[in-house]
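What's counted below: heavy atoms across the whole structure, side chains too, no hydrogens, waters or symmetry copies.
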Amino acid sequence: MTPTPDSGETAAPTKVALITGASRGIGRQLALTLARRHGATIAVNYKRNNDLAEKTVSDIEAAGGSGFTVQADVETEEGIEALFDEVARRCGRLDWYVNNAAASAFKNIVDLKPHHLDRSYAMNLRPFVLGAQQALTLMDDGGRILALSSYGSVRAYPTYATLGAMKAAIEAWVRYMALEFAPYGVNVNAVNGGLIESDSLDFFYGVPGMPSMETVLDRIPKRRAGTVQEVADTLAFLLGPESEYITGQTLVVDGGLSAVAPPFFADAGPELQLPPRPHRSE
């Protein structure tokens with residue numbers, strides 16, 4: 001039963017979330033999910049596209065939450081400070097910090113230049129660490145810190161070295177943060193996504209010379225790409241009370257992709273193809 005103002009009980013404060021790169025893809029879907037399920041107040045961080053960010057806030061409000069946009073380039077230290085300063089000014093506190101924004105140059109290692117390495121670090125790893133430091137100062141009653149990772153952190157494939165290495169580093173930082181932040185009542189986890197239907201997936205499989213996505217889908221046990229909602233649901237679980245005893249972990253949402261290896265059933269002859277699902281004998 002939800003307490004009423006006349007009951008003498010104090011209603012729980014509205015949850016406050018900050019999601020980087022929240023104007024599209026997984027970040028946007030998570031924002032809508034948190035608005036729908038928790039009526040949360042959400043800081044929608046974006047870098048360039050104000051129209052998309054404002055549309056996300058409008059949809060957050062339609063879903064039952066509230067929100068505001070914060071333009072900040074998390075690739076810079078100044079941008080990270082400005083982002084958290086704005087959250088502190090508007091809300092005074094923070095419950096959930098989700099490090100979602102990511103970018104990289106998809107090139108073979110021999111073609112990487114020093115600026116590619118520097119920008120990959122500045123865009124993908126540094127915002128997570130500096131953002132977590134800032135978030136901790138605003139989590140006055142405990143909280144949750146989450147990072148988006150990908151299966152390139154544990155599997156190698158063409159042109160993904162710079163981003164995959166940063167994602168692997170993020171997962172390591174999650175473990176160390178979980179150790180140090182637990183006494184403050186803050187859980188730190190990551191979600192490792194496989195092939196998830198999004199603009200980012202389309203961009204990656206549009207790299208010249210990249211095999212088509214269709215050549216990969218039948219290697220996934222679930223035989224399809226995941227959805228942004230499926231990732232958002234996992235993130236929402238880790239932000240909710242049901243996951244209170246989970247910290248320092250990376251949950252994998254990839255349809256079983258990282259569990260399999262060649263030879264694949266899709267490449268096998270007819271003798272090894274799986275038969276129809278067996279039925280119980282009468």
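Between Leu138 and Gly92, the shortest heavy-atom contact is CD2-O, 4.3 Å. The two residues Ser149 and Glu171 come nearest to each other via the heavy atoms OG-OE2, 2.6 Å. Contact record, Ala43 with Val87: CB-CG2, 3.9 Å, taken as the closest heavy-atom pair. Scanning all heavy atoms of the two residues, the minimum distance from Ile145 to Ala135 falls at CD1-CB, 4.5 Å. Between Thr215 and Ser212 the shortest heavy-atom distance is OG1-O, 2.6 Å.
Leu18 and Val129 fall within a single hydrophobic cluster, where Ile, Leu, Val, Met, Phe, Trp and Tyr are joined by side-chain heavy atoms under 4.5 Å apart, directly or via other members. Tyr121 and Leu163 are assigned to two separate hydrophobic clusters, defined by single-linkage of ILVMFWY side chains at heavy-atom distances under 4.5 Å. By the criterion of side-chain heavy atoms lying less than 4.5 angstrom apart, applied directly or through intervening Ile, Leu, Val, Met, Phe, Trp or Tyr residues, Val188 is not grouped with Leu179; the two fall into different hydrophobic clusters. Hydrophobic clustering of Ile, Leu, Val, Met, Phe, Trp and Tyr side chains at less than 4.5 Å, counting indirect connections, keeps Phe265 apart from Leu217.
Remark: Leu201 CG to Met213 CE distance equals 4.0 Å, nearest 0.5 Å. Between the CZ atom in Arg37 and the NZ atom in Lys15 there is a gap of 15.5 Å [rounded to 0.5 Å]. Distance CZ/Phe204 to OG1/Thr159: 4.0 Å, rounded to 0.5 Å. Here the straight-line distance linking atom CZ of Arg126 with atom CE of Met166 works out to 11.5 Å at 0.5 Å rounding. One finds the OG1 atom of Thr76 at 10.0 Å from the CG atom of Leu130 (value rounded to the nearest 0.5 Å). From Phe264, atom CZ reaches atom CD1 of Ile220 across 10.0 Å, with rounding to the nearest 0.5 Å.
A distance-only check finds a donor-acceptor pair linking the side chain of Asn45 to the backbone of Val70 [under 3.5 Å]. Formation of a donor-acceptor pair under 3.5 Å by the Asp73 side chain with backbone atoms of Gly79 is not found in this model. Formation of a donor-acceptor pair under 3.5 Å by the Asp95 side chain with backbone atoms of Gly143 is not found in this model. Side-chain atoms of Gln71 come within 3.5 Å of backbone atoms of Lys47 as a donor-acceptor pair (strictly under, hydrogens ignored). A donor-acceptor distance shorter than 3.5 angstrom exists from the side chain of Thr33 to the backbone of Gln29, with no hydrogens or angles considered. In this structure, Ser120 contributes its side chain and His116 its backbone to no donor-acceptor pair below 3.5 Å.
Taking 4.5 Å as the limit, some side-chain heavy atom of Trp173 sits within range of a side-chain heavy atom of Leu125. Between Thr247 and Phe181 there is no side-chain heavy-atom pair separated by less than 4.5 Å. Between Val216 and Pro211 the shortest side-chain heavy-atom distance does not fall below 4.5 Å. The side-chain heavy atoms of Leu136 and Tyr184, taken from C-beta on, include a pair separated by under 4.5 Å. Taking the side chain as every heavy atom from C-beta outward, Arg28 and Asp59 approach each other to under 4.5 Å. For the pair Met123 and Val74, the minimum side-chain heavy-atom distance is below 4.5 Å.
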Notebook entry, point to check: Is there a side chain to side chain donor-acceptor pair (under 3.5 Å) between Thr41 and Arg90 once you walk through the steps?
Noted result: CA-CA 10 Å; Thr41 296; Arg90 284 179 173 260; over 6 Å; no

Next item on the list: Start with the C-alpha distance between Tyr46 and Thr56, add both sets of side-chain angles, then the distance that settles side chain to side chain contact (heavy atoms under 4.5 Å, CB included), and finish with yes or no.
Entry: CA-CA 11 Å; Tyr46 71 100; Thr56 298; over 6 Å; no

Check: For Lys55 and Asp51, what are the C-alpha separation, side-chain angles and deciding distance, and is it a salt bridge (charged side-chain N to carboxylate O under 4.0 Å, His left out)?
Finding: CA-CA 6 Å; Lys55 177 63 165 58; Asp51 290 343; over 6 Å; no

Next item on the list: Given side chain to side chain contact (heavy atoms under 4.5 Å, CB included), test Gln133 with Met177 step by step and report yes or no.
Entry: CA-CA 10 Å; Gln133 291 175 333; Met177 286 182 189; over 6 Å; no

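Cluster partners of Phe237, by chain and number: Ile19, Ile26, Leu30, Leu32, Leu34, Ile42, Val44, Val57, Ile60, Trp96, Val98, Leu146, Leu148, Val191, Ile196, Val228, Val231, Leu235, Leu238, Leu239, Ile246, Leu251, Val253. The rule joins Ile, Leu, Val, Met, Phe, Trp and Tyr whenever side-chain heavy atoms lie under 4.5 Å apart.
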Compile the donor-acceptor pairs under 3.5 Å between side chains in residues 100-111 and protein atoms, sequence neighbours left out, one pair per line.
unit_1	atom_1	unit_2	atom_2	d
Asn100	ND2	Thr20	O	3.1
Asn100	ND2	Gly21	O	2.9
Ser104	OG	Thr162	OG1	2.7

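Atom CZ of Arg36 is surrounded by more than 12 heavy atoms from other residues, nucleotides or ligands within 6.0 Å. Enclosure of atom OH in Tyr176 is not indicated, since only 12 or fewer non-hydrogen atoms of other residues, nucleotides or ligands lie within 6.0 angstrom.
When the ring-ring contact (aromatic ring centres under 6.0 Å, His included) test is applied to Tyr151, the partners found at least two apart in sequence or on another chain are Tyr157. Scored by the ring-ring contact (aromatic ring centres under 6.0 Å, His included) test, Phe84 finds Tyr97 as partners (sequence neighbours excluded).
Salt bridge annotation for Arg89-Asp85: absent, with no cationic side-chain nitrogen under 4.0 angstrom from a carboxylate oxygen. Glu230 and Arg224 are joined by a salt bridge, as a carboxylate oxygen and a charged side-chain nitrogen come within less than 4.0 angstrom of each other.
Side-chain contact, Ser243 with Asn187: no donor N or O sits under 3.5 Å from an acceptor N or O. With no hydrogens or angles considered, a side-chain donor-acceptor pair links Ser150 and Tyr160 at under 3.5 Å.
Within the structure, every pair that satisfies the salt bridge (Lys or Arg N to Asp or Glu O under 4.0 Å) test and touches residues 254-277, not counting sequence neighbours, is listed here: Arg219-Asp267. Counting only residues at least two apart or on different chains, the salt bridge (Lys or Arg N to Asp or Glu O under 4.0 Å) pairs with a member in residues 186-212 are Arg24-Asp199.
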